[in-house]
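The structure appears below as C-alpha cells.
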Amino acid sequence: MEYEEGAKERDARRPPSDRAGPAGTLSRRCTTSTDSRNPAPPDSRLRRTTALCVAAASVEWYDFFLYATASATVFADLYFGALGPTAATLASFATFALAFVARPLGGVVFGFLGDRTGRKVALAAGTVTMGVSTTLIGLLPPYASIGVAAPILLTALRLVQGLALGGQWAGSVLLLTEQAPAGRRGFFGSLAQLGSPIGGIVSNALFFLLSAVLSPAQFSAWGWRIPFLLSVAFVGLGLYVQLRLEESPAFRRIAGAGDRSRTPIVEVLRTRPVQVLLAAGAFVAASASLYVFVTYLLQYAPTVLKVPKQTILLLVTATQAFQMASIPLASAMSDRIGRRRVYLTAAAASAVWAFPAFWLIDTGSVGLIVLALSVAHLVLGAMYGPLAAMFSEMFGTRVRYSGASLGYQLGTVVGGGLAPIIATSLFAATGTSASISGYLVVVSLITLVAVAVVRDTSSMDTTAEGARGDEDRGSAVSPSGDHHL
C-alpha cells in the first residue's frame, strides 16, 4: 500500500504527457530510446559507444582470465607449493573462486553507482579498479621471497578483481542495450558479451607465446608477470571511457525526471526478487561450462591425459573463437524468434554435449579435443550472447544496473566460481570424467528450468500503450524480444 501511494504521488507531480494512464500504460518518459517519438542516437554516437564498451569488456575479461590461466599453470607452485601438489592446486583454484564470492558485492556497490550516478561512471570505475589490481598481481613476490604474506596478498588482490568485474559487466551491457536500434537489442547487447572470448583469447595467447619463447625457469620467475603488468594501460582506458562516453538515454531520462532510486539494491530485492533468482539460474550453465572447458581443462589435460601444457593452452585459446561466431548470431536470432527459444535450445544442447565432450577429450587426440571444445564454445556462446538483452529486459530502468548485476553475479558464483574446484574434487573422488560431465548436465538442467519459467514477450510492442514500465519498478519477467527500457 505504501508503495502504491508513493507511485501515485510521483505520477501526480509529472506533466500530463508523462503520466501513466489507466491499467498502467507507459509514460512517454519511460519509452525506450528507440521509440518513434524519441529517435535513436546518431550512428556515430552508437559506433563510439559500441567500440568503447567492447574494449572495456575485453580488457576486464582479459585481466580476469589472466588469473584463471595463471591459477591453473603457475600460481600453485609459486604461492602454494609448500602444501603439496593436490592441495596446492586446490588452494590455487580456491583463490580463483574467491573472486566469484566478491562479484555479487561488486554488483551491489557498482550497481548503486550505475543506478544513481550513471552507467558510464560505474563502467569507468570498474575498469580502473581492475587495471590497478591486475598490475599489482604482476608485481607480487612469490612465497619463497616473502612467505605467507604472498598468498594473503594474492588473495586480497583477487578479491578486488572480483569486485571490479562484478560491477563492470552491467555497465557495458546496459550502455548498449539501452540505446540499441529497434528490434536489435539482442544483437547490440551481445557485442559487449564478445569481451569474454576476446579477453580469454588474448590472455591465453600471451601466456602461450611467452611460455613458448622462454625457458620454464624464466617463465616461472618473471615471464608470467608480463601480461599482468600490461594491464596498467587499461587504467587509461577507464579514464577515457569516463571522459568520452555518453550516458545512456534511459538513464538520462530518469535522472532528468528526478526519479532515480535512493537504494536500488534494496528496491530490486523488495520488488523483483524472483527475477534476480531466475537470472542467476539462467546463467549457471554457461558460467560452469566456461570455467570447466577454459580453466579446469588447463590442469586436467596435462596431469591426467599427459597432454603438454603448451598444447592444451593453444587448443583452449583457439577454440574460444567459436564463441565469437555464435554470440552475435544467436543474439541476432533472438531478436527475431525470442530470447527464451534460443536460450532453451542452447541449454538443452549443453546438457546433451556434456558426456560426448569428455569422451572426446579423454582420448588425448588433439583433433578430437578441438572438436569437443569447438562444439562446447558454440553452445556456450549461444547461451551467453542473448543473456545481455534478456537480463536488461527483466528489470526497470531505476534498478536495472543493480538487478542485472546481482542476478548475473549470483549465477557465476554458483556456476563459474566453484566449477574448477567441483571438477577437481569430483575427479579425485571418482577417478572418472563422467562425474564432471554429470555436473555439467545438472547445471544445464537448472538453467533450463529457470529460463522456462521466464515469460516470453518477443511479440510485445515497445511503443504500445499498456506495456509495463518503471511505475512497476521493473519489467515483467520477460527475457525476449523488444521490451520497455
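Residue indices begin at 1 and follow the sequence shown. Worth saying up front: this structure is predicted, and the values here are computed from it rather than measured.
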Pair Tyr291 + Phe96: ring centers closer than 6.0 Å: yes
Approximate separation, where rounding is to 0.5 Å, of Thr432 OG1 and Phe427 CZ: 7.0 Å
From CZ (Arg341) to OG (Ser334), nearest 0.5 Å: 11.5 Å
Ser287 (side chain) donor-acceptor with Val284 (main chain) under 3.5 angstrom: no
Non-neighbouring partners of Phe207 that pass ring pair (Phe, Tyr, Trp, His ring centres under 6.0 Å), sequence neighbours left out: Phe219
Polar side-chain atom of Thr129 near backbone of Ala164 as donor-acceptor pair, under 3.5 Å: no
Criterion side-chain contact (heavy atoms from CB on, under 4.5 Å) on Leu269 and Leu406, from CA distance to verdict: CA-CA 10 Å; Leu269 289 176; Leu406 189 58; 3.7 Å; yes
Trace of the side-chain contact (heavy atoms from CB on, under 4.5 Å) decision for Leu426 with Tyr439: CA-CA 9 Å; Leu426 286 173; Tyr439 163 63; 3.8 Å; yes
Donor-acceptor contact below 3.5 Å, side chain Arg340 vs main chain Val454: yes
Minimum-distance pair of heavy atoms, taken over all atoms of Ala192 and Ala57: O-CB, 3.4 Å
Short side-chain donor-acceptor distance under 3.5 Å, Gln320 and His377: no
Residues Thr134, Gln161; criterion side-chain hydrogen bond (donor to acceptor under 3.5 Å, both in side chains); working and verdict: CA-CA 7 Å; Thr134 304; Gln161 278 193 322; 2.9 Å; yes
Ser433 side-chain N/O to Ile436 backbone N/O, donor-acceptor pair under 3.5 Å: no
Smallest separation among heavy atoms of Phe293 and Leu373, with atom names: CD2-CD2, 3.7 Å
Considering all heavy atoms, the nearest Ala388-Ser392 contact: O-OG, 2.9 Å
For the student: nearest non-hydrogen atoms of Phe355 and Ala434, plus distance: CE2-O, 3.6 Å
For the student: nearest non-hydrogen atoms of Leu46 and Gln179, plus distance: CD1-O, 3.9 Å
Minimum-distance pair of heavy atoms, taken over all atoms of Leu175 and Cys53: CB-SG, 3.7 Å
Residues that Phe110 engages under ring pair (Phe, Tyr, Trp, His ring centres under 6.0 Å), provided they are two or more places apart: none
Ser261-Asp115 side chain donor-acceptor pair, cut-off 3.5 Å: no
Test side-chain contact (heavy atoms from CB on, under 4.5 Å) applied to Arg400 and Leu174, step by step: CA-CA 8 Å; Arg400 183 170 292 130; Leu174 297 187; 3.5 Å; yes
Under 3.5 Å: donor-acceptor pair, side chain of Tyr401, backbone of Arg116: no
Arg398 (side chain) donor-acceptor with Asp259 (main chain) under 3.5 angstrom: yes
Aromatic contact, Phe64 with Phe100 (centres under 6.0 Å): yes
Under 3.5 Å donor-acceptor, Ser437 side chain and Ala354 backbone: yes
Flag, side chain of Glu60 to backbone of Thr127, donor-acceptor distance under 3.5 Å: yes
From Ile421 atom CD1 to Thr295 atom OG1, the distance as rounded to the nearest 0.5 Å: 11.5 Å
Gln193 side chain vs Tyr384 backbone, donor-acceptor pair below 3.5 Å: yes
Euclidean distance, Gln323 CD relative to Leu378 CG, rounded to 0.5 Å: 9.0 Å
Steps toward side-chain contact (heavy atoms from CB on, under 4.5 Å) verdict (Tyr408, Arg103): CA-CA 9 Å; Tyr408 182 94; Arg103 282 172 66 168; 3.2 Å; yes
Whether Thr317 side chain and Leu313 backbone form a donor-acceptor pair below 3.5 Å: yes
By ring pair (Phe, Tyr, Trp, His ring centres under 6.0 Å) - contacts of Tyr296 (at least two apart): Tyr300
